[in-house]
Each structure stands twice: as structure tokens, then as C-alpha cells.
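Along the sequence shown, the residues carry numbers beginning at 1. In this text the structure is predicted, and so the values were computed from the model without any measurement.
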Amino acid sequence: MNKLIAIRSQEAMCRERAVLDHDRRAFWLAKAEEWQQIALDEIAFHFRECNVARFAEPACDEFAAA
């Protein structure tokens, strides 16, 4: 969960930079999209782990609490 929070924070920072840095807006938006994809990959990895080990409830409840 902490890893996902850190990834989403990077994505948000890139989006903020895009607003502030007009000259490099496209660059920062592209970086934000990269971080967004990393976040989606992390979520998918988590759910694949849960499906492999269905009885490992504590690992699967981590996202449910958020």
C-alpha cells in the first residue's frame, strides 16, 4: 500500500509540474502517464497475488481498507 501511495504521489507531482512549467508541459504530462501506468501495474500485481493465494486474507484486505 505504501508503494502505491508513493507512486501516486509521483504522478501527482508530475501533474503539478505540468501546470507550473508551461514550456515542458508535455514532458511532465508524459511522465505523469508513466507513473499512472506503474500504479495500475502495481494494483494488477497485487490482485494477481491475491488470486494465487486466496486464503492469504491479510494481503488481500490491504486495499479494501483504503
Side-chain angles (χ1 to χ4, degrees):
M1 184 65 161
N2 290 336
K3 186 175 181 180
L4 183 59
I5 291 170
I7 293 168
R8 290 294 193 189
S9 294
Q10 288 288 355
E11 178 189 352
M13 183 205 65
C14 290
R15 293 190 190 284
E16 289 174 17
R17 291 290 301 263
V19 170
L20 300 174
D21 187 356
H22 298 289
D23 296 335
R24 299 188 67 194
R25 184 175 189 270
F27 169 81
W28 289 114
L29 288 176
K31 285 293 180 187
E33 287 181 20
E34 288 176 21
W35 284 109
Q36 182 181 32
Q37 186 58 52
I38 292 169
L40 294 174
D41 292 344
E42 181 67 22
I43 292 167
F45 175 77
H46 172 77
F47 283 107
R48 278 193 306 273
E49 279 186 331
C50 287
N51 286 334
V52 168
R54 286 187 178 254
F55 296 107
E57 292 299 324
C60 296
D61 288 340
E62 189 174 350
F63 281 110

**Q.** Rounded distance [0.5 Å steps], CD1 in Ile38 versus NZ in Lys3
**A.** 9.5 Å
Q | Value rounded to 0.5 Å, distance of CG in Asp41 from CZ in Arg48 | A | 7.5 Å
Q) Is any side-chain heavy atom of Asp21 less than 4.5 Å from a side-chain heavy atom of Arg24? A) yes
Q) Within a reach of under 6.0 Å around CZ of Phe45, are more than 12 heavy atoms found that belong to other residues, nucleotides or ligands? A) no
**Q.** Glu16 CD to Trp28 CH2 distance, which is reported to the nearest 0.5 Å
**A.** 11.5 Å
Q) With Arg8, which residues qualify under side chain to side chain contact (heavy atoms under 4.5 Å, CB included), at least two apart? A) Leu4, Glu11, Gln36, Ala39, Leu40, Ile43
Q: Measure the spacing between CH2 of Trp35 and OG of Ser9 and express it to the nearest 0.5 Å.
A: 10.0 Å
Q | Minimum-distance pair of heavy atoms, taken over all atoms of Ala18 and Arg25 | A | O-CG, 3.6 Å
Q: With rounding to the nearest 0.5 Å, note down the distance linking SG in Cys50 to NE2 in His46.
A: 3.5 Å
